[in-house]
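Written out below as structure tokens is the structure these notes cover.
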Amino acid sequence: MYPNPKTMLYHESPFQLVIAVLMSAQTTDVGVNKVTPALFAAYPDANAMAEADVADLEDKIKTIGLYRNKAKNMKKTAIMIRDEFGGQVPNTREELEKLPGVGRKTANVVLSEAFGVPTIAVDTHVERVTKRMGIVPPNASVRETEEILMARIPENRWRDAHHQFIYFGREYCTARNPKCRKDPRIDFCECRVLPQYG
DNA sequence: ATCCCGAGGG
DNA sequence: CCCTCTGGAT
């Protein structure tokens, strides 16, 4: 199931991936993909976005959540990549997390998608799905969740597993009204009986 | 712990 | 109406 998993975020370079993932916080990838074509047409790389007017960045991404913070962080990130990383997106987690608006989850996505470094980025879907499945204890932090999953899953499958959890969470093991509740094939998922998942 | 924050779904 | 969406900074 879920063959050839990859990010759904539109991008044509590591820089565009950083910006797209930065924008995806608390926002659907469909919503991000709706604004990135025009955004990247105007500002295709770090040098261009570093010179952007923040008000214009806001205007171009206005339809996504948290857009003011994101527009500000996008410009700062572009400037930092231009001035401190020689115009190239850094390929270590430590450097990536120096970029404003880039935390561990975003850095992990960029590392695995752009640079082939195996990671498991823990987002809202990964956390919900793995906790419901019982792979991760309910009270585990995001960081603990990542470590438990890395210990449990072979390294060469980390990247795919990340996407598979997300697809499964999006389409089936949804936050509200999970499909398992009405699926006769499923009789093991605790969502069926535990009211807190209803 | 709180804030940011629009679109889409139920 | 309310909840959720590939979070991060303070």
Side-chain angles (χ1 to χ4, degrees), chain A residues 2 4-11 14 16-39 54-55 57-78 80 93-115 117-132 136 139-146 149-150 153 158-182 191 195-198:
Chain A
Y2 305 122
N4 189 28
K6 60 182 179 185
T7 181
M8 303 293 284
L9 293 169
Y10 166 74
H11 65 285
Q16 292 184 2
L17 178 64
V18 171
I19 298 302
V21 180
L22 187 157
M23 286 193 290
S24 73
Q26 300 291 279
T27 303
T28 63
D29 57 350
V30 174
V32 174
N33 288 338
K34 198 174 164 189
V35 304
T36 40
L39 176 70
V54 175
L57 292 178
E58 287 184 0
D59 189 57
K60 285 184 163 53
I61 70 170
K62 209 169 203 150
T63 56
I64 68 173
L66 315 179
Y67 70 94
R68 277 189 282 248
N69 282 336
K70 288 172 183 175
K72 194 189 313 174
N73 287 333
M74 284 157 57
K75 181 176 169 76
K76 286 185 182 175
T77 283
M80 195 173 294
R93 178 174 7 247
E94 203 171 349
E95 291 174 312
L96 283 166
E97 289 189 8
K98 289 180 182 172
L99 302 171
V102 176
R104 188 177 182 90
K105 179 260 170 180
T106 300
N108 276 345
V109 171
V110 173
L111 285 171
S112 72
E113 291 291 322
F115 299 119
V117 179
T119 66
I120 299 179
V122 176
D123 55 48
T124 179
H125 293 302
V126 174
E127 182 171 9
R128 181 183 66 253
V129 168
T130 58
K131 285 184 177 179
R132 281 182 179 171
V136 174
N139 58 325
S141 67
V142 173
R143 188 58 184 278
E144 289 166 344
T145 298
E146 182 180 330
L149 292 176
M150 288 192 297
I153 299 169
W158 288 356
R159 189 194 109 102
D160 286 0
H162 160 75
H163 287 109
Q164 286 162 342
F165 285 133
I166 286 175
Y167 291 153
F168 185 60
R170 242 182 224 157
E171 298 166 11
Y172 195 92
C173 189
T174 49
R176 282 188 300 169
N177 304 115
K179 303 289 189 293
C180 63
R181 299 202 128 199
K182 293 188 176 179
C191 278
Q196 68 260 39
Y197 295 133

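Each chain gets a letter, A, B and so on, in the order the sequences are listed, and its residues count up from 1. The shown structure was predicted, so the numbers you read here are calculated from the model rather than taken from an experiment.
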*Could you please spell out the steps behind the side chain to side chain contact (heavy atoms under 4.5 Å, CB included) verdict for I61(A) and M74(A)?*
CA-CA 11 Å; I61(A) 70 170; M74(A) 284 157 57; 3.9 Å; yes
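- The side chain of K34(A) places an N or O atom within less than 4.0 Å of a non-bridging phosphate oxygen (OP1 or OP2) of dG8(B).
- Contact annotation: side chain of T28(A) to base of dT4(C), donor-acceptor pair absent below 3.5 Å.
- The CG-C1' distance, from L66(A) to dT6(C), rounds to 13 Å in whole Å.
- Residue T27(A) has no polar side-chain atom (N or O) positioned under 4.0 Å from OP1 or OP2 of dG7(C).
- With DNA chain C read from its 5' end, the first of the two nearest nucleotides for R128(A) and G103(A) is the one closest to R128(A).
- Using a 4.0 Å heavy-atom criterion, one finds that G31(A) contacts no nucleic acid atom at all.
- For T63(A), the listed nucleotide lying nearest its side chain is dA7(B); candidates were dA7(B), dT6(C), dC4(B).
- Nucleic acid contact class of V30(A) (heavy atoms, under 4.0 Å, all strands): none.
- Checking L99(A) against D123(A), the closest nucleotide of DNA chain C that is more toward the 5' end is the one next to D123(A).
- When the side-chain nitrogen and oxygen atoms of R104(A) are compared with OP1 and OP2 of dG7(C), none of them lie within a distance under 4.0 Å.
- Of the side-chain N and O atoms in R176(A), none sit less than 4.0 angstrom from OP1 or OP2 of dG9(B).
- Applying the 4.0 Å criterion to OP1 and OP2 of dC5(C), one finds that H125(A) has a side-chain N or O inside that range.
- No side-chain heavy atom of I64(A) sits under 4.5 Å from any side-chain heavy atom of T28(A).
- The interatomic distance linking F168(A) (CZ) with dC5(C) (P) rounds to 14 Å, in whole Å.
- Between E127(A) atom CD and dC5(C) atom C1' the separation is 14 Å, expressed in whole Å.
- Listed pair T124(A) / dC5(C) meets the phosphate criterion, a side-chain N or O lying under 4.0 Å from OP1 or OP2.
- Between R128(A) and D123(A) there is no salt bridge, since none of the side-chain N atoms of the basic residue sits less than 4.0 Å from a carboxylate O of the acidic one.
- Taking the P atom of each, dT10(C) and dC5(B) are spaced 15 Å apart, rounded to whole Å.
- Across the protein-nucleic acid pair, I64(A) atom CD1 and dA7(B) atom C1' stand 11 Å apart, rounded to whole Å.
- The phosphate of dC5(B) (OP1 or OP2) has no side-chain N or O of Q26(A) nearer than 4.0 angstrom.
- With both ends at atom P, the span from dT6(C) to dA1(B) equals 25 Å, rounded to whole Å.
- In the set dC3(C), dG8(C), dC5(C), dG8(C) carries the atom at the smallest distance from any side-chain atom of K105(A).
- Closest contact between the side chain of A175(A) and the listed nucleotides dG7(C), dT4(C), dT6(C) involves dT4(C).
- Rounded to whole Å, the distance from CG on L96(A) to C1' on dG7(C) is 15 Å.
- If you take NZ of K62(A) and C1' of dC4(B), they are 16 Å apart, rounded to a whole angstrom.
- The residue R68(A) sits close only to the backbone: its heavy atoms come under 4.0 Å of sugar-phosphate atoms, none of a base.
- Regarding Y10(A), its OH atom lies at a distance of 20 Å from the P atom of dT6(C), rounded to whole Å.
- Between H163(A) and Y167(A), the two ring planes are tilted [angle within 30° to 60°].
- dT4(C) atom P lies 18 Å from atom CG of D29(A), rounded to whole Å.
- Side-chain proximity of T106(A) to the nucleotides dC5(C), dG7(C), dG6(B) is greatest for dG7(C).
- Nucleic acid contact for K70(A): none, since no nucleic acid atom lies under 4.0 Å from a heavy atom of the residue.
- Nucleotides of DNA chain B nearest to G65(A) and K179(A) differ in position, and the one nearer the 5' end is that of G65(A).
- Counting heavy atoms from C-beta outward, S24(A) and K105(A) have side chains that approach closer than 4.5 Å.
- Put simply, the side chain of H162(A) gets close to the backbone of A121(A): a donor and an acceptor are under 3.5 Å apart.
- Salt bridge absent: K72(A) and E58(A) never bring a charged side-chain N and a carboxylate O closer than 4.0 Å.
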